[in-house]
Amino acid sequence: MKQKPVFEADALPEGLASPLRTLWPQAFGAKENVGFCKIDTLAAEQYELAVCAESVTIRYAQKAGALYALMTLRQLSMAYAQIPCCRIEDYPGLRDRAFMLDISRGKIPTVASVKCLIDLLVQFKYNQLQLYIEGFSFEYRSFRAQKQNWEDALTPEDIRELDQYCLERCVQLVPNQNSLGHMYAWLHLPEYTHLAESPEGVKLKNVTLPPTTLDPADPGSLQLVERMMDDLLPCFTSKLFNVDMDEPFELGMGKNKERAQQEGLDVVYLDYVTRLREAVCKRGYKMMMWGDVLSKSERAIEQMAEDIIVLDWGYEAQHPVRRRAERLHAAGREFYLCPGTNTWSSFTGITDNMLQCVSNAVQAAYDFGAQGLMLTDWGDSGHLQYWVFTMPGFVYAACGAWNKALPTREELTWALSRFVFEEPTDVLGELCLKAGEYSRLEEFLFPCRTNAFMTLQRGWTDKAGLESAFKRMVDSMRFFVEPCVYLPCEEEYANRREMNEPKILAFIDALLAELKKARPQCGDGELVCDEIANGLQMVRATTRLRACILGLEDGDGLANEIDSLCEAHERLWMARNRTSGLKESLEGFRAVAQILHERADGQEKMDGKSV
């Protein structure tokens with residue numbers, strides 16, 4: 001095509017002018033060369049795109065198809081100085097292509113940031129977004145007594161604004177609210193503690209877990225959840241509702257222990273599922289829920305109501321996704337497979353694990369008839385990772401949800417550089433992938449967290465304390481995952497290597513040097529580069545901290561290094577997010593820096609006395 005695509009607002013299909021002004025503002029012009037032809041026989045998201053020397057023709061049936069055709073045309077214009085003549089016939093491989101963002105582990109994005117995310121979803125042809133809610137990241141207005149807990153929470157008005165923004169862009173904003181486990185924020189309040197399965201918490205391997213799970217047999221538990229639902233659901237136009245229901249850690253260990261022993265834990269769980277589903281259906285919604293508890297029972301899936309969508313998650317390369325998908329398919333269930341970005345508890349991601357995890361889920365989704373793929377991005381332990389490190393998984397999963405044939409690493413690098421960072425070179429695409437590979441050089445590989453991050457979690461300690469913390473983390477996997485996942489991790493830990501601090505720091509420093517070559521043209525390009533730099537600085541600082549604890553270095557200048565990254569983190573956090581959670585996210589770093597400063601001051605006093 002001799003000139004770039006140009007279209008007039010009046011010539012666009014109904015409803016496309018407004019979203020395209022944010023998605024592709026450069027293409028609006030005085031004279032159009034893009035024509036549209038509505039063909040009712042095409043599927044809703046299907047399109048045909050014909051590029052000729054002087055013009056472009058788009059054939060579509062519904063708005064989504066026309067929008068996706070334009071997004072493909074946009075990518076072609078970004079990839080080529082002159083778009084080659086071509087014909088593309090395209091449609092999605094999976095019906096539902098979803099992304100879930102955790103907004104409940106401290107980091108609550110601004111409305112503007114979520115809108116940027118929605119635009120990115122459209123560009124990569126996702127059609128569903130979920131914002132994970134537990135605790136008080138949403139302003140539940142019927143709970144007036146809890147108003148002090150609403151600091152920076154998304155308001156009903158915020159959700160309605162985002163819902164409308166999604167609708168204009170053919171994205172379904174699905175309400176998401178945990179309804180059994182992960183209820184600590186509510187259960188630690190005196191007026192709700194009595195609703196806990198174990199109000200005093202549960203002791204596991206010398207560690208006491210706080211109460212996080214509702215007592216499913218107490219009518220007050222469901223009443224609390226229904227009241228929350230009645231505040232949340234009217235803000236959405238979607239008629240899907242993800243009630244989560246994952247990881248009810250204490251279930252069957254407290255008030256329901258005797259019943260669970262006599263009838264089975266799955267009976268206790270399914271009884272609550274049934275009553276919750278009735279409450280959801282009564283309000284006109286279709287229920288979605290995580291599948292981790294269901295996977296532990298041979299009879300649970302068969303006995304559960306058939307209209308519930310099961311979301312089977314797993315974030316390790318060894319996760320038995322094919323076995324679970326085959327079982328859900330055999331039971332005739334509607335289900336999604338849900339891999340993760342593997343950014344949480346890592347600072348910069350765990351690239352190898354993410355690529356394998358997503359690839360496994362994509363192949364199983366097509367082979368066993370999943371209705372959807374949902375990529376999850378969690379914020380465990382302070383949500384310290386920056387948005388930029390989500391991008392490799394975001395793009396990779398988008399490709400797989402649309403087409404079973406996943407891109408090669410080189411293709412993924414190219415797509416990240418061209419379509420996310422709008423960079424003429426491949427520096428940032430490759431850098432984002434490499435940033436998540438530092439764990440290869442650590443003492444042992446852990447599926448969903450790195451040695452550097454575990455060091456920060458433990459904080460300042462001695463060598464024995466750090467080694468004990470690592471051993472507890474490895475041992476704890478037996479409580480959370482299946483043998484096919486924890487056994488390889490235990491073997492990896494048993495064969496762990498000695499720490500090679502110089503090699504890890506050289507790897508990080510090489511990436512920081514390479515970052516200086518990046519020239520992103522995207523609107524937030526400078527911010528992206530700063531985020532990458534500070535994520536790498538976090539890895540560098542926690543690697544040095546571990547070396548100090550192990551007696552491999554003296555930590556000279558480390559306190560100042562940490563002070564500097566904390567200062568940068570505050571600025572970067574506020575560029576995309578609300579204030580709440582910022583202070584808590586830095587508590588680990590601040591505590592370590594304080595100890596290091598005190599040690600340095602003490603040494604200076606000792607040196608002075610010696611003189």
Side-chain angles (χ1 to χ4, degrees), residues 42-48 60-69 71-72 75 88-101 117-118 120-130 166 169-174 176 238-240 242 286 288-291 307-315 319 321-341 354-377 390 392-407 411-412 415 419:
L42 296 178
E45 295 183 313
Q46 185 179 5
Y47 66 87
E48 296 175 356
Y60 71 100
Q62 294 186 21
K63 176 182 173 180
L67 181 59
Y68 294 150
M71 292 301 95
T72 296
Q75 290 177 347
I88 298 172
E89 298 181 8
D90 203 8
Y91 54 89
L94 296 178
R95 183 192 71 190
D96 298 333
R97 305 170 303 282
F99 180 76
M100 192 221 74
L101 177 66
L117 165 60
I118 294 165
L120 205 57
L121 290 170
V122 178
Q123 291 166 31
F124 286 92
K125 302 182 176 73
Y126 283 92
N127 61 4
Q128 187 183 122
L129 171 63
Q130 297 190 20
C166 281
R169 289 154 180 79
C170 303
V171 174
Q172 184 175 188
L173 184 63
V174 174
N176 179 316
S238 172
K239 290 304 178 181
L240 297 175
N242 185 1
K286 183 172 184 176
M288 313 171 90
M289 60 178 287
W290 299 116
D307 60 352
I308 297 175
I309 301 175
V310 178
L311 310 173
D312 192 85
W313 60 270
Y315 309 132
H319 174 67
V321 61
R322 292 190 66 82
R323 171 164 54 81
R324 292 195 183 182
E326 184 176 19
R327 186 176 169 207
L328 288 164
H329 173 70
R333 294 292 173 178
E334 189 174 0
F335 68 98
Y336 293 8
L337 297 180
C338 308
T341 61
M354 178 276 291
L355 292 174
Q356 190 62 60
C357 181
V358 171
S359 177
N360 292 346
V362 166
Q363 304 311 310
Y366 285 93
D367 290 348
F368 297 105
Q371 282 68 42
L373 186 84
M374 182 161 74
L375 182 72
T376 61
D377 193 45
T390 293
F394 184 95
V395 174
Y396 197 57
C399 293
W402 190 268
N403 190 324
K404 184 179 180 181
L406 283 160
E411 290 168 336
L412 178 58
F419 304 143

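Between Ala364 and Val321, the shortest heavy-atom contact is CB-CG2, 4.2 Å. Between Ala397 and Val358 the shortest heavy-atom distance is CA-CG1, 3.9 Å. The minimum heavy-atom distance linking Leu121 with Leu129 is given by the pair CD1-CB, 3.8 Å. In terms of heavy atoms, Leu375 sits closest to Gly393 at CD2-O, 3.4 Å. Of all heavy-atom pairs spanning Phe335 and Ala325, the tightest one is CZ-O, 3.8 Å. The minimum heavy-atom distance between Cys357 and Gly340, with the atom names listed, is SG-N, 4.1 Å.
Within a 6.0 Å radius of OH in Tyr91, other residues, nucleotides and ligands contribute 12 heavy atoms or fewer.
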**Request:** Could you walk me through whether Leu311 and Ile309 pass side-chain contact (heavy atoms from CB on, under 4.5 Å), step by step?
**Result:** CA-CA 6 Å; Leu311 310 173; Ile309 301 175; 4.1 Å; yes

**Asked** Under the ring pair (Phe, Tyr, Trp, His ring centres under 6.0 Å) criterion, do Tyr68 and Tyr60 qualify, and how do the steps go?
**Response** CA-CA 10 Å; Tyr68 294 150; Tyr60 71 100; over 10 Å; no

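Going from atom CD of Gln123 over to atom OG1 of Thr72 covers 11.5 Å, rounded to the nearest 0.5 Å. Distance OH/Tyr336 to CG/Leu94: 10.0 Å, rounded to 0.5 Å. Atom-to-atom distance recorded for Glu48:CD and Glu89:CD is 4.5 Å, nearest 0.5 angstrom. Once rounded to the nearest 0.5 Å, the distance linking OG of Ser238 with CD of Gln128 reads 7.0 Å. Taken from CE in Met288 to CG in Asp96, the straight-line distance is 7.0 Å, to the nearest 0.5 Å. The distance from the CG atom of Asn242 to the CH2 atom of Trp290 is 5.5 Å, given to the nearest 0.5 Å.
With sequence neighbours excluded, the residues forming a side chain to side chain contact (heavy atoms under 4.5 Å, CB included) with Ser359 are Gln363, Tyr396, Leu406, listed by chain and number. The salt bridge (Lys or Arg N to Asp or Glu O under 4.0 Å) test applied to Asp367 returns Arg322, Lys404, not counting sequence neighbours.
Ring geometry for Phe394 against Tyr126 counts as tilted: the plane angle lies between 30° and 60°, on a 0 to 90° scale.
For the salt bridge (charged side-chain N to carboxylate O under 4.0 Å, His left out) test with Glu45, the passing option among Lys63, Arg97, Lys125 is Arg97; the others fail. Tested against Phe368 for a side chain to side chain contact (heavy atoms under 4.5 Å, CB included), the candidates Glu326, Arg327, Arg323, Arg324 yield a single pass: Glu326.
Counting only distance, with no hydrogens or angles, the side chain of Thr376 and the backbone of Pro339 share a donor-acceptor pair below 3.5 Å. Using modelled atom types, one side-chain atom of Tyr366 and one backbone atom of Gly400 make a donor-acceptor pair closer than 3.5 Å. In this structure, Gln371 contributes its side chain and Gly369 its backbone to a donor-acceptor pair below 3.5 Å.
Side chains of Asn360 and His319 form no contact here, defined as non-hydrogen atoms less than 4.5 Å apart. Inter-residue side-chain proximity for Thr390 and Phe99 is flagged as met; some heavy-atom pair is nearer than 4.5 Å.
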